[in-house]
Amino acid sequence: MGEGFLHFVHGGMAMDERYDFQRIEERWQQHWLATNPYHTVTEVAKPKYYALAMFPYPSGKLHMGHVRNYSIVDVIARFKRMQGFNVLHPMGWDSFGLPAENAAIKNQIHPSTWTWDNIASMREQLRQMGISYDWEREVATCHPNYYKWTQWLFLEFYKHGLVYRKKAAVNWCPSCATVLANEQVVDGACERCDTSVIKKDLEQWFFRITDYAQVLLDDLDKLDGWPEKVKTMQRNWIGRSEGVEAKFGMAESEEKITVYTTRHDTIFGVTYLVLAPEHPLVAKLTQGTAYEAAVNAFVHKMKGLNEITRTSSETEKEGLFTGAYCLNPLTGNKVPIWIANYVLMDYGTGAVMGVPAHDERDFAFARKYDLPITVVIAPKDRDLDPVEMTDAYTDDGVMVNSGEFNGLDNELAMVKIADYMEERGLGTRKVNFRLRDWLISRQRYWGAPIPMLYCDKCGEVPVPEEDLPVTLPTDVEFRPGGESPLKTSPTFMEATCPVCGGKARRETDTMDTFVCSSWYYLRYCSPDCNAKPFAREDVDYWMPVDQYVGGVEHAILHLLYSRFFTKALYDFGHIGVNEPFQNLLTQGMVCMNGAKMSKSKGNVVSPEDIIAKYGADTARLFILFAAPPERDLEWNEQGVEGSYRFLNRVWRLIYHYAGKLESNAGAVELDDAARVLRRMTHTTLKRVTDDIATRFNFNTAISAIMELVNACYVYKEQPEQNQAVVDEALSALVILLSPFAPHIAEELWRAMGRADSVHLQQWPTYDPAALVQDEITIIVQVNGKVRDRLTVPNGLEAKQLEQMALQEPKILQHLEGKQVVKVISVPGKLVNIVVK
RNA sequence: GCCGAAGUGGCGGAAUAGGCAGACGCGCUGGUCUCAAAAACCAGUGGGGGUGACUCCAUGCCGGUUCGACCCCGGCCUUCGGCACCA
């Protein structure tokens with residue numbers, strides 16, 4: 001046989017007959033804790049690999065979703081490490097946030113105490129999982145050494161004009177008593193607590209993410225390693241559209257109303273115009289008219305409605321005529337101005353034109369209020385009669401009733417009309433985005449304080465860099481209410497203006513926790529850096545993250561904000577990459593009885609219990625075996641027992657051989673059984689390597705390892721066994737198992753007499769020569785149906801196979817009375833005989 | 001409504017490039033061992049028909065391409081996820 005990459009088993013550590021997972025896991029966890037074998041440093045000469053799981057909020061308890069997430073990344077990290085990469089695999093805590101503060105109010109415990117206690121217990125649980133983290137890089141966003149730099153970055157964005165303060169109608173969650181970003185409002189409700197969100201007019205801080213809308217959209221095309229689903233969701237969220245802002249002059253004044261439309265080819269068909277109830281012109285148009293009272297009542301009613309009912313497409317369209325008219329810029333026709341619930345003030349211009357013939361929503365509205373319908377685009381195959389129409393016609397067609405544009409395809413008219421309007425000052429082309437600026441102010445205590453001051457003389461003043469961090473005061477009261485608890489701290493509020501030296505007032509709002517999590521992957525590169533948020537040389541080496549893994553629930557929020565941060569920091573010249581995450585894997589949920597595991601559904605299985613009962617290796621193995629990573633996973637305790645049984649089976653196999661295999665005295669001719677086992681060893685090496693490296697299909701990788709174990713058991717029954725072949729198989733087995741079940745693999749490795757760690761081994765490569773089979777099975781089909789199997793020498797050519805197939809008695813039976821039309825012969829695979 | 005993903009045994013899932021459908025595991029059935037049980041080990045396990053060698057059916061449904069389709073194309077159905085008055 002070949003020289004083989006492995007040595008022989010000759011007794012190592014004494015081995016228990018029983019697989020005592022508790023003792024084993026504890027032993028190696030202690031060892032890893034003491035030696036931190038996964039500590040990594042920047043080594044420019046070595047190829048790097050940055051493996052990252054989304055860091056958790058420290059709720060205090062690990063759940064199965066965490067276990068799955070971290071197990072997946074750990075396999076990748078261990079695999080890459082064994083392949084010779086310098087692997088960065090850090091862990092930390094997204095540790096600011098509301099639950100800590102709610103606990104403070106409820107239990108009279110300080111958020112800081114609550115949080116750090118939780119971190120301690122979760123860190124312990126992670127250690128019990130045996131994940132290969134570099135614990136020296138641990139970060140916590142609530143630590144002053146971290147949030148100092150969050151504040152520094154805020155000021156950096158401020159300096160570059162990407163942070164501003166404005167008064168705006170913002171989303172307010174009455175239950176959380178704070179404002180929310182658009183992204184945190186789901187179906188008009190708070191994404192945390194599901195309470196209906198209301199609008200409040202407040203002075204708030206914003207990040208100018210809209211400046212990056214176009215590049216955030218464009219660069220999605222570069223992210224080949226991201227799931228299409230996530231990119232689609234981001235594209236959707238950014239919501240780019242191209243259209244025209246058209247100016248409608250008033251019939252009886254000099255006012256102009258600007259509307260935004262993407263269907264300027266239909267402007268000739270405008271029969272009414274609608275303003276958002278909040279539109280500033282509404283009051284002006286109706287003041288002192290007969291319509292004023294009714295319109296005011298309508299506007300008042302709309303303001304009282306919450307976000308859900310107001311923006312749901314289920315909601316009946318409701319509107320009211322204002323009594324005013326404007327003029328169609330293309331036809332000069334008088335157009336009535338309405339207000340309606342479905343027009344939103346914060347998109348476009350807050351005013352839309354109504355073209356019932358070619359827009360579903362306008363059609364419904366026009367039918368309801370009996371507004372005229374003018375057809376301006378005709379389908380090629382029929383005529384449209386406004387009276388007969390039951391639906392708007394929204395497809396392409398030929399222009400009609402459109403003056404000089406009649407007869408053109410509407411797509412061409414789109415261009416011509418835009419040109420026409422621009423030439424005459426009737427409108428301008430405009431690109432619009434649905435993405436809004438990111439509101440980051442939170443009226444809560446447990447967050448990074450926004451480092452700004454207000455001076456009566458100098459106005460808004462940033463806290464100087466040398467005064468950072470602005471630390472959270474401890475003399476605050478926690479009580480439910482709408483004001484930041486920081487306002488209850490006298491020592492915090494009062495400050496000195498760094499510009500004039502006079503009295504200044506501190507900003508009391510804290511930052512959205514998504515700000516903290518938008519750059520933590522950079523801090524991991526140089527967690528101890530004191531002069532900057534991160535050291536340039538470290539970031540240059542480690543970034544981008546090679547593989548990021550987390551739940552799809554962050555598809556927009558965290559992933560979009562992080563991309564924005566990376567791009568901005570790139571533009572400021574602080575980092576050399578403009579996308580943070582090269583490859584993204586969105587793992588599926590952990591379910592039980594068909595529903596996502598959750599407290600509210602009462603179908604939760606605690607990782608602690610599973611680890612206590614079966615051990616971490618079993619838990620990891622099952623969770624990786626039960627489904628591929630992207631797919632939802634159905635938890636099944638019997639499946640867990642299966643994984644536990646498998647580890648026991650491996651244990652007994654090694655136990656059987658440990659100390660009994662002796663050094664082989666040179667090359668021996670292998671018999672059939674030994675050759676089969678050796679081939680199995682090498683096909684398994686290939687399969688497992690491919691499954692991990694190219695597809696992250698850990699479930700099939702584990703299946704392959706199981707098959708190798710089964711093959712070893714079969715070979716164990718051989719009276720004459722080739723010890724070198726067995727040793728090679730067992731060594732491969734333990735190495736292949738090591739990323740999945742690190743504790744037992746280490747224990748077995750040592751029991752096999754190895755002095756060094758299995759986790760420090762080089763990932764083995766397979767011997768292609770060992771895969772070669774002398775004889776292979778060829779299937780023989782007649783009309784595509786399998787009729788026979790032939791065992792033939794490997795390497796026969798098509799013609800030879802065909803001849804052999806045509807001589808088989810079984811095949812001849814099927815050919816009887818038929819005529820052979822054609823024979824397809826694929827060497828190494830099959831022969832298909834087509835008959836009539 | 002729009003966008004996306006997925007539908008394969010009793011269950012979780014395999015089939016990597018269009019070539020043996022159901023790997024691996026769970027469950028179940030039978031057996032060995034045992035006073036007995038558990039564990040472990042061995043055998044079987046998609047459905048129908050046949051004593052049998054065998055044979056027919058089968059990857060949500062209908063059609064197509066192909067010597068050959070779980071896989072490619074067209075049309076539907078169902079489930080899940082996202083978006084949802086964005087002008």
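On a predicted model such as this, the values are computed, not experimentally measured, just so you know. Values reported hereafter were calculated over all heavy atoms of this structure, with side chains retained and with hydrogens, waters and symmetry mates removed. Chain letters run A, B, ... following the sequence lines, proteins first and then strands; every chain starts at 1.
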Given A:Val834, A:Val831, A:Asn832, the one that forms side-chain contact (heavy atoms from CB on, under 4.5 Å) with A:Val823: A:Val831
No-H, no-angle donor-acceptor pair, A:Arg649 side chain to B:rA40 base, under 3.5 Å: no
base_contact_polar (B:rC85 base, A:Lys317 side chain, donor-acceptor, <3.5 Å): yes
Shortest side-chain distance from [X], nucleotide among [options]:
X	options	value
A:Val786	B:rA87, B:rC20, B:rG19	B:rC20
A:Asn341	B:rG13, B:rG19, B:rC85	B:rC85
A:Arg361	B:rA87, B:rC20, B:rC83	B:rA87

For the [atom1] atoms, the ones on [N] and on [M], what distance do you get once it is rounded to whole angstrom?
N	M	atom1	value
B:rC62	B:rG81	C1'	27 Å
B:rA37	B:rA23	P	30 Å
B:rA69	B:rG47	P	24 Å
B:rG7	B:rG13	P	10 Å
B:rG64	B:rA58	P	15 Å
B:rG48	B:rC71	C1'	27 Å
B:rU8	B:rC70	C1'	7 Å
B:rU59	B:rC54	C1'	24 Å

Can you find a side chain N or O atom of [X] that sits less than 4.0 Å from OP1 or OP2 on [N]?
X	N	result
A:His656	B:rA40	no
A:Lys822	B:rC67	yes
A:Arg687	B:rA23	no
A:Arg645	B:rC26	yes

Evaluation steps, side chain to side chain donor-acceptor pair (under 3.5 Å), between A:Ser241 and A:Tyr260: CA-CA 10 Å; A:Ser241 69; A:Tyr260 175 69; 2.8 Å; yes
Name the nucleic acid region contacted by [X], choosing base, sugar-phosphate or nothing; use a 4.0 angstrom heavy-atom cut-off, strictly under.
X	value
A:Gly348	nothing
A:Lys810	sugar-phosphate
A:Asp690	nothing
A:Asn710	sugar-phosphate
A:Asn832	base
A:His264	nothing
A:Gln781	base
A:Ser241	sugar-phosphate
A:Arg436	nothing

Syn/anti label of B:rG9 as read from its glycosidic torsion, with the cut at 90° from 0: syn
5' precedence on RNA chain B between A:Asn648 and A:Trp237 (nearest-nucleotide basis): A:Asn648
Residue met sooner reading RNA chain B from 5', once A:Ser643 and A:Val826 are mapped to nucleotides: A:Val826
For A:Arg235, side chain to side chain donor-acceptor pair (under 3.5 Å) partners two or more places apart: A:Asp221
Whole-Å distance separating the [atom1] atom of [X] from the [atom2] atom of [N]:
X	N	atom1	atom2	value
A:Asn697	B:rC24	CG	C1'	13 Å
A:Glu228	B:rA6	CD	C1'	17 Å
A:Asp632	B:rG4	CG	P	20 Å

Ion pair [X]/[Y], N-O distance below 4.0 Å:
X	Y	result
A:Arg240	A:Glu242	yes
A:Arg263	A:Asp265	yes
A:Lys368	A:Glu318	no
A:Lys613	A:Glu637	yes

RNA chain B stem ranges, 3 or more consecutive Watson-Crick or G-U pairs under 3.5 angstrom: B:1-7 with B:77-83, B:10-12 with B:24-26, B:27-32 with B:40-45, B:46-49 with B:54-57, B:60-64 with B:72-76
Residue pairs fulfilling side-chain hydrogen bond (donor to acceptor under 3.5 Å, both in side chains) with at least one residue in residues 689-698 of chain A, sequence neighbours excluded: A:Lys686-A:Asp690, A:Thr689-A:Trp763, A:Asp691-A:Arg695, A:Asp691-A:Thr700
Under 3.5 Å side-chain donor-acceptor pair for A:Gln781 and A:Arg787: no
Any side-chain donor near an acceptor of the partner, A:Asn171 and A:Lys199, under 3.5 Å: yes
